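One is the number of the first residue; the rest follow in order along the sequence. Heavy-atom basis, side chains included; hydrogens, waters and symmetry copies ignored. Bear in mind the structure is a predicted one, so any value in this text is a computation, not a measurement. For ligands, and for the atoms within them, numbers begin at 1 and follow the listed sequence.
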Amino acid sequence: CSYRLRDALHPLWQSPLTIPGGTRQSPINIQWRDSVYDPFLKPLKISYDPTTCLHIWNNGYSFLVEFDDSTDRSVIVGGPLENQYRLKQFHFHWGAINEWGSEHTVDSKFYPAELHLVHWNAVVYPTFEEAVMEGNGLAVIGVFLKLGAHHEGLQTLVDALPAVKHKDAVIEFDVFDPSCLIPSCPDYWTYAGSLTTPPLTESVTWIIKKKPIEVDENQLEAFRMLLFTSDGEEEKRMVDNFRPLQPLMNRTVRSSFQ
Ligand SMILES: NS(=O)(=O)c1ccc(-n2ccn(-c3ccc(F)cc3F)c2=O)cc1
Ligand SMILES: [Zn+2]
């Protein structure tokens with residue numbers, strides 16, 4: 001497929017030419033008029049305990065906020081999901097400029113950034129590592145960021161970013177409720193997909209919120225000050241850390257709204 005060549009040539013994703021299966025890769029363009037309303041989709045129930053927040057770290061692709069997932073204190077259930085899924089981490093993807101940056105697109109429109117909240121099926125699988133390899137192992141909530149008003153909740157994260165400027169830097173971050181980053185509008189699209197960075201496993205039920213959250217220019221610029229590179233290396237700004245769009249192939253995107 002063209003995506004294998006595209007991936008293999010793309011600097012950030014020098015992934016193996018063949019991807020296991022390769023029939024449900026992410027991200028994709030969501031063509032609003034081709035999505036199918038599913039009246040049986042339930043509302044997504046989100047309950048996060050802010051004290052499960054552990055630390056922020058720069059993993060050389062993005063910055064991750066990681067959570068204590070040893071118990072069911074921060075979970076999602078409902079929506080398209082058969083089981084309850086535990087929050088493990090959230091991170092973002094963004095562009096060098098506001099014209100692009102999101103991984104998914106809606107009617108071929110890019111947003112300047114996209115938030116991913118990564119959850120795993122701890123009902124069926126004993127560890128995250130195992131869930132990553134299974135078709136129903138992960139559930140990722142995607143939230144688009146658009147340029148607009150200052151986002152109070154995001155600012156606490158932004159204030160911590162200078163401390164994780166370099167790859168492998170980590171700081172303690174012990175109370176944060178990620179629900180403040182999720183729009184109150186319940187509408188979402190959902191489809192079967194994959195991780196968008198290696199290992200690219202086809203284990204993700206994607207839940208993409210229809211409504212974006214608004215952040216201001218300074219907050220987007222703060223993301224762009226991070227570095228892909230470690231302290232002491234020649235600086236490379238962490239920007240454009242989004243994967244190219246992948247073919248929809250034999251998939252339908254369902255919507256929870258008409
Ligand atoms: N952008 S995304 O689709 O939300 C996405 C992309 C890649 C990952 N990712 C990459 C490596 N891992 C990972 C971490 C720990 C582990 F034990 C196994 C993994 F696959 C992971 O979860 C997690 C989320
Ligand atoms: Zn992501």
Closest protein heavy atom (residue, atom, distance) for [atom]:
atom	result
atom 11 (C) of ligand 1	Pro199 CD, 3.7 Å
atom 7 (C) of ligand 1	Thr197 OG1, 3.0 Å
atom 24 (C) of ligand 1	Leu195 CD2, 3.7 Å
atom 18 (C) of ligand 1	Phe128 CE2, 3.9 Å

Quiz prompt | Protein N, O or S atoms lying under 2.8 Å from the Zn ion (ligand 2), listed by chain and number | solution = His91 NE2, His93 NE2, His116 ND1
Quiz item: Applying ring-ring contact (aromatic ring centres under 6.0 Å, His included), which residue pairs with at least one partner in residues 159-185 are found, sequence neighbours left out?
Solution: Phe90-Phe176, Phe173-Phe176
Quiz item: In terms of atom number and element, which parts of ligand 1 are under 4.0 angstrom from non-hydrogen atoms of Glu129?
Solution: 17 (F)
Quiz item: Taking only heavy atoms of Val132, which atoms of ligand 1 are found under 4.0 Å from at least one of them?
Solution: 20 (F)
Practice problem: Check if Trp206 has a non-hydrogen atom at a distance under 4.0 Å from any atom of ligand 1. | Solution: yes
Quiz item: Closer than 4.0 angstrom: is that true for some heavy atom of His93 and an atom of ligand 1?
Solution: yes
Exercise. Report yes if the distance between the aromatic ring centroids of Trp32 and Trp189 is under 6.0 Å, otherwise no.
Key: yes
Exercise. Could you tell me whether Glu99 and Lys109 have a side-chain N and a carboxylate O separated by less than 4.0 Å?
Key: no
Quiz item: Would you call Asp72 and Arg86 a salt bridge, taking side-chain N to carboxylate O under 4.0 Å as the test?
Solution: yes
Determine whether the side chains of [X] and [Y] contain a donor N or O and an acceptor N or O closer than 3.5 Å.
X	Y	answer
Gln246	Arg24	no
Glu172	His55	no
Ser74	Thr52	yes
Tyr191	His104	yes
Asn98	Tyr111	no

Self-check item: Any N or O of Thr196 closer than 3.5 Å to N or O of ligand 1
Solution: yes
Quiz item: Judging by distance only, is a nitrogen or oxygen of His91 under 3.5 angstrom from one on ligand 1?
Solution: yes
Practice problem: Would you mind telling me if ligand 1 is within reach of the side chain of Pro198, the backbone, both or neither, using heavy atoms under 4.0 Å? | Solution: backbone
Self-check item: Within reach of ligand 1, part of Trp120 (heavy-atom separation under 4.0 Å)
Solution: neither
Quiz item: Side chains of Arg254 and Pro80: does their closest heavy-atom pair fall under 4.5 Å?
Solution: yes
Quiz item: Are Val140 and Ile207 side-chain neighbours, meaning at least one heavy-atom pair lies under 4.5 Å?
Solution: no
Practice problem: Measure the CG-CD1 distance between Asp187 and Ile208 for me, rounded to the nearest 0.5 Å. | Solution: 14.0 Å
